[in-house]
Engineer: 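The structure that follows is given in the form of structure tokens.
The chains referred to below are lettered A, B, ... by the order of the sequence lines, with proteins before strands, and numbering in each begins at 1.
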2 protein chains.
Amino acid sequence: MATMTAAERRARAREEYDAFLKGCPTNQLLDRISDKWVSLVVSALAAGPMRYSDLGRRIAGVSAKMLTQTLRSLERDGIVTRTVTPSVPVRVDYELTPLGASLSALLVAVKDWAELHISEVDEARERYDASASSASSASSASSASSAS
Amino acid sequence: MATMTAAERRARAREEYDAFLKGCPTNQLLDRISDKWVSLVVSALAAGPMRYSDLGRRIAGVSAKMLTQTLRSLERDGIVTRTVTPSVPVRVDYELTPLGASLSALLVAVKDWAELHISEVDEARERYDASASSASSASSASSASSAS
DNA sequence: CCGCATCCCCAACGATACTG
DNA sequence: CAGTATCGTTGGGGATGCGG
């Protein structure tokens with residue numbers, strides 16, 4: 001058992017990885033941030049406080065479950081505040097904390113990057129797809145569907 | 001059918017959402033970026049070109065499958081370049097493109113943010129957990145496991 | 001050494017129904 | 001209106017084995 005296959009080393013690495021991540025808050029946070037719904041919620045709230053149902057409508061394809069779940073975790077992390085107004089139909093508002101606002105600035109930067117460079121990415125994709133198909137059949141140069 | 005329940009509206013919204021996303025490149029890209037492995041790979045490559053196996057070791061808990069998959073999509077998007085050296089054991093190097101480098105700058109910013117604010121987040125979590133447990137049983141204050 | 005194909009599992013998500 | 005609990009599905013992703 002002195003020799004270790006690459007697979008075994010990977011398995012080992014994974015165990016260490018798990019343990020490592022437990023104690024590595026940065027990665028926890030990185031994980032949290034690279035969640036699809038988190039970025040959408042934070043972006044939506046960047047414009048100002050919103051009610052729960054407003055968020056549900058604003059974000060469109062989100063289920064109530066995920067919305068609540070996401071908001072809960074963000075609240076727990078001190079990214080948003082949750083304010084309950086006990087009127088006859090209960091009203092709940094969510095708002096970015098200063099901490100959340102500083103984060104939203106970064107996410108906005110990423111969004112801006114995406115908008116700025118989307119054309120380059122599209123071109124790269126077309127080139128990649130074209131060369132990939134020409135690899136199997138060098139004759140026909142297929143034109144990838146161009147972006148809108 | 002004039003009246004629509006919230007659930008029905010959600011289902012509708014989801015259809016529109018799908019169609020909408022097809023034509024919205026920004027969201028495609030946002031999706032791609034908010035992938036766990038993507039951020040790790042791009043961060044790793046920010047330090048300079050690396051071989052496939054180096055990346056595998058550097059990133060630790062990644063499987064060969066996900067590493068390849070991630071690198072492929074990044075290559076397709078023009079974020080990294082893939083250079084094959086046909087030596088006896090094949091050697092493959094990956095490197096950030098200028099486009100990828102500009103993206104990595106943002107991801108590094110996010111990472112810096114995480115490192116800078118992790119303590120605030122931790123405090124917020126402890127506060128949240130403490131108040132949550134005191135809500136059900138005001139007497140026993142359970143101490144949340146503190147971070148390292 | 002690189003990476004693709006296959007199988008398989010589980011946790012994440014959506015839908016639904018029910019409380020305050 | 002806001003949130004919880006439960007169940008069913010699905011696809012992400014890990015393990016393995018082969019091919020270049």
Engineer: A side-chain contact here means heavy atoms from C-beta on lying under 4.5 Å apart; do A/Thr81 and A/Tyr94 qualify?
Structural biologist: no
Engineer: Would you find a donor on one side and an acceptor on the other, under 3.5 Å apart, between the side chain of A/Thr97 and the backbone of A/Ile79?
Structural biologist: yes
Engineer: Please check the phosphate of C/dC2 (OP1 and OP2 only) for any side-chain N or O of B/Arg82 closer than 4.0 Å.
Structural biologist: no
Engineer: Starting from the 5' end of DNA chain D, give me the residue, B/Gln69 or A/Val92, whose nearest nucleotide shows up first.
Structural biologist: A/Val92
Engineer: Could you please name the option among C/dC2, D/dA2, D/dG13 that lies closest to any side-chain atom of B/Trp37?
Structural biologist: D/dG13
Engineer: If we only count heavy atoms from C-beta on, is the B/Arg76 to A/Val121 side-chain gap below 4.5 Å?
Structural biologist: no
Engineer: Specify the separation, in whole Å, of atom CG of A/Asp93 and atom C1' of D/dA2.
Structural biologist: 12 Å
Engineer: Across the strands shown, which category fits B/Val90 at heavy-atom distances under 4.0 angstrom: base, sugar-phosphate, nothing?
Structural biologist: base
Engineer: Measure from CZ on B/Arg91 to C1' on C/dG3 and round the result to the nearest Å.
Structural biologist: 17 Å
Engineer: Is there a side-chain contact between B/Leu55 and B/Leu45, using heavy atoms and a 4.5 Å cut-off?
Structural biologist: yes
Engineer: Take the protein atom CG of B/Leu67 and the nucleotide atom C1' of D/dG14, then report the distance between them rounded to whole Å.
Structural biologist: 14 Å
Engineer: Evaluate the side-chain proximity of A/Leu40 to A/Trp37: yes if any heavy-atom separation is below 4.5 Å, no if none is.
Structural biologist: yes
Engineer: Rounded to the nearest Å, what distance is computed from the CD atom of residue B/Glu75 to the P atom of nucleotide C/dG3?
Structural biologist: 9 Å
Engineer: Report yes if at least one side-chain N or O of A/Thr68 is closer than 4.0 Å to OP1 or OP2 of D/dA2; otherwise report no.
Structural biologist: no
Engineer: Quick check: on DNA chain D, is the nucleotide nearest A/Lys65 upstream (toward 5') of the one nearest A/Leu71, or the reverse? Name the residue that is more 5'.
Structural biologist: A/Leu71
Engineer: Rounded to the nearest angstrom, tell me the gap between atom CE in A/Met66 and atom P in C/dC13.
Structural biologist: 4 Å
Engineer: Would you say a side-chain N or O of A/Arg51 is under 4.0 Å from OP1 or OP2 of D/dA2?
Structural biologist: yes
Engineer: What integer distance in Å separates B/Lys36:NZ from D/dG14:P?
Structural biologist: 7 Å
Engineer: Would you please confirm or rule out a distance under 4.0 Å between OP1 or OP2 of D/dT4 and any side-chain N or O of A/Arg72?
Structural biologist: yes
Engineer: Quickly work out the A/Arg57 CZ to D/dA2 C1' distance and round it to whole Å.
Structural biologist: 12 Å
Engineer: Does D/dG3 have OP1 or OP2 sitting under 4.0 Å from an N or O in the side chain of A/Tyr94?
Structural biologist: yes
Engineer: Just how far, in rounded Å, is C1' of D/dG12 from CG of B/Asp31?
Structural biologist: 14 Å
